[in-house]
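Since the structure comes first, as structure tokens, the remarks are kept for the end.
Quick note: numbers below take in every heavy atom, side chains included, and nothing from hydrogens, waters or symmetry partners. When a residue number appears, it is its place in the shown sequence, counting from 1.
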Amino acid sequence: MVVINVLQIMLIWLWTFISATLGLIILPIIGQKRAIYFISQIWSGFIIAISGVKLVVEGKENIPKHKNVIYASNHESSFDIPILFKALPVPLFFLAKAELQKIPIFGWFMGAVGMVFVDRANHKNALNSLKRAGKEIKKGKDIISFPEGTRTRDGKMKLFRRGTFVLALECSIDIVPIAIVGSREVNPPGFRITPGVIKVCIGKPIDVNHFEKKKPDELALFVENLVKELRL
């Protein structure tokens, strides 16, 4: 089992760099949205296939067809990103931690296609990143955010941080809650990969105009509770 896991992880990393390289090549030809959608689909499809994961998606009818939104999801494992790429049939752009930008090829591709990097160690830089994210959404991008800020280590959801919700309220951007269930069992902390079922539950869009702009914490708690309900 250990040998299989090592081979799987090596293949995932190799495929990640191949996909990012291909993305950099086709980006000038087909543009940002098409490039990120095409690459994300072949990248995530390969990872899901070699890991023996069965993906179940509920609530696809809740995905807005004519409006860009922020998808707010819980964060169970490293598999969450490829899982969401595959579960949501739209080009997705992530609020990603700044450290990822330093990874050769992979980080370059993320920057080139317009991912928004957040420097969580610097409050001012983090706020500027959120403002850039708001502008990107207004330009026609759907953003994925993990408001917990990091993956869970014990399987319990952490409190949702307010940054995502400050952005949503300031820019009047609707939020779609998402719950991921089973990702931690497939990929627990460490390097183990176990075949299994991962379920993605997509909730109904939330009109943030029903919340006071000065109270992002209330919106954060509301969305957090919705995600908890979707996980049940």
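Minimum interatomic distance between P147 and T164 (heavy atoms only, all atoms of both residues): CG-OG1, 4.3 Å. Closest non-hydrogen pair, V227 versus A72, comes out as CG2-O, 4.0 Å. Scanning both residues, S77 and H75, for their nearest heavy atoms gives O-CE1, 3.3 Å. Between L27 and A35, the closest heavy-atom pair is CD1-CB, 3.8 Å. Taking both residues in full, the closest heavy atoms of S44 and K86 are given as OG-CD, 3.5 Å, listed atom of the first, atom of the second, then distance. Counting all heavy atoms, side chain and backbone alike, A179 lies closest to R231 at CB-CG, 3.5 Å.
Atom CZ of R162 is separated from atom CG of L221 by 13.0 Å, given to the nearest 0.5 angstrom. In this structure, L88 CG and I202 CD1 are separated by 5.0 Å, a value rounded to the nearest 0.5 Å. For the atom pair CZ of F94 and CD1 of I81, the computed distance is 5.0 Å after rounding to the nearest 0.5 Å. In this structure, CD1 on I12 lies 11.5 Å from OG on S19, to the nearest 0.5 angstrom. For the atom pair R184 CZ and R151 CZ, the distance stands at 11.0 Å (nearest 0.5 Å). If you take CD on E229 and CD on E224, they are separated by 11.5 Å, rounding to the nearest 0.5 Å.
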- Could you give me the CA-CA distance, side-chain angles and deciding distance for I39 and I26, then say whether side chain to side chain contact (heavy atoms under 4.5 Å, CB included) is met? CA-CA 9 Å; I39 294 300; I26 67 172; 4.1 Å; yes
- Item | Worked verdict on C171 versus I137 for side chain to side chain contact (heavy atoms under 4.5 Å, CB included) | CA-CA 9 Å; C171 300; I137 296 170; over 6 Å; no
- Do I178 and L230 pass the side chain to side chain contact (heavy atoms under 4.5 Å, CB included) test, and can you show the C-alpha distance, the side-chain angles, and the key distance before you say yes or no? CA-CA 7 Å; I178 290 181; L230 287 169; 6.0 Å; no
- Task: Determine, step by step, whether I173 and N68 satisfy the side chain to side chain contact (heavy atoms under 4.5 Å, CB included) criterion, reporting the C-alpha distance in whole Å, the side-chain angles of both residues, the deciding distance to 0.1 Å, and the verdict.
- Result: CA-CA 8 Å; I173 300 165; N68 296 107; over 6 Å; no
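Two residues are said to be in side-chain contact when any heavy atoms from C-beta on lie closer than 4.5 Å; F211 and I206 meet this criterion. Between V176 and P64, the closest side-chain pair of non-hydrogen atoms falls below 4.5 Å. Counting heavy atoms from C-beta outward, F222 and V208 have side chains that stay 4.5 Å or more apart. Using a 4.5 Å heavy-atom threshold, the side chains of F109 and I36 count as touching.
The main-chain N or O of G182 is found under 3.5 Å from a side-chain atom of E76 such that the two form a donor-acceptor pair. Within the 3.5 Å criterion, the main-chain N or O of Y37 finds a donor-acceptor partner in the side chain of S40. In terms of modelled atom types and a separation under 3.5 Å, the side chain of K33 and the main chain of G140 share a donor-acceptor contact. Judged purely by atom type and a 3.5 angstrom limit, E148 has no side-chain atom pairing as donor or acceptor with the backbone of M157. Looking at E185, its side chain never comes within 3.5 Å of a backbone N or O of I198 through a donor-acceptor pair. Using modelled atom types, one side-chain atom of N74 and one backbone atom of I180 make a donor-acceptor pair closer than 3.5 Å.
Using cut-offs of 30° and 60° on the angle between ring planes, the pair W43 and F85 is perpendicular. Relative ring orientation between F165 and F160 is described as parallel, the plane-to-plane angle staying below 30° on a 0-90° scale split at 30° and 60°.
No single ILVMFWY cluster, assembled from side-chain heavy atoms under 4.5 Å apart, contains both I144 and V166. V223 and V181 fall into different hydrophobic clusters, where Ile, Leu, Val, Met, Phe, Trp and Tyr side chains are chained together by heavy-atom contacts under 4.5 Å. The hydrophobic cluster containing F79 does not contain V56, counting ILVMFWY residues as joined when their side-chain heavy atoms lie under 4.5 angstrom apart, directly or transitively. Cluster annotation: I47 and L11 are assigned to the same hydrophobic cluster (Ile/Leu/Val/Met/Phe/Trp/Tyr, side-chain heavy-atom contacts under 4.5 Å, transitive). The hydrophobic clustering, which links ILVMFWY residues whose side-chain heavy atoms are closer than 4.5 Å, places V197 and L84 apart.
Only one option out of D142, D174, D207 pairs with K67 in a salt bridge (Lys or Arg N to Asp or Glu O under 4.0 Å); it is D174.
Remark: K138 NZ is packed, more than 12 non-hydrogen atoms of other residues, nucleotides or ligands lying under 6.0 Å away.
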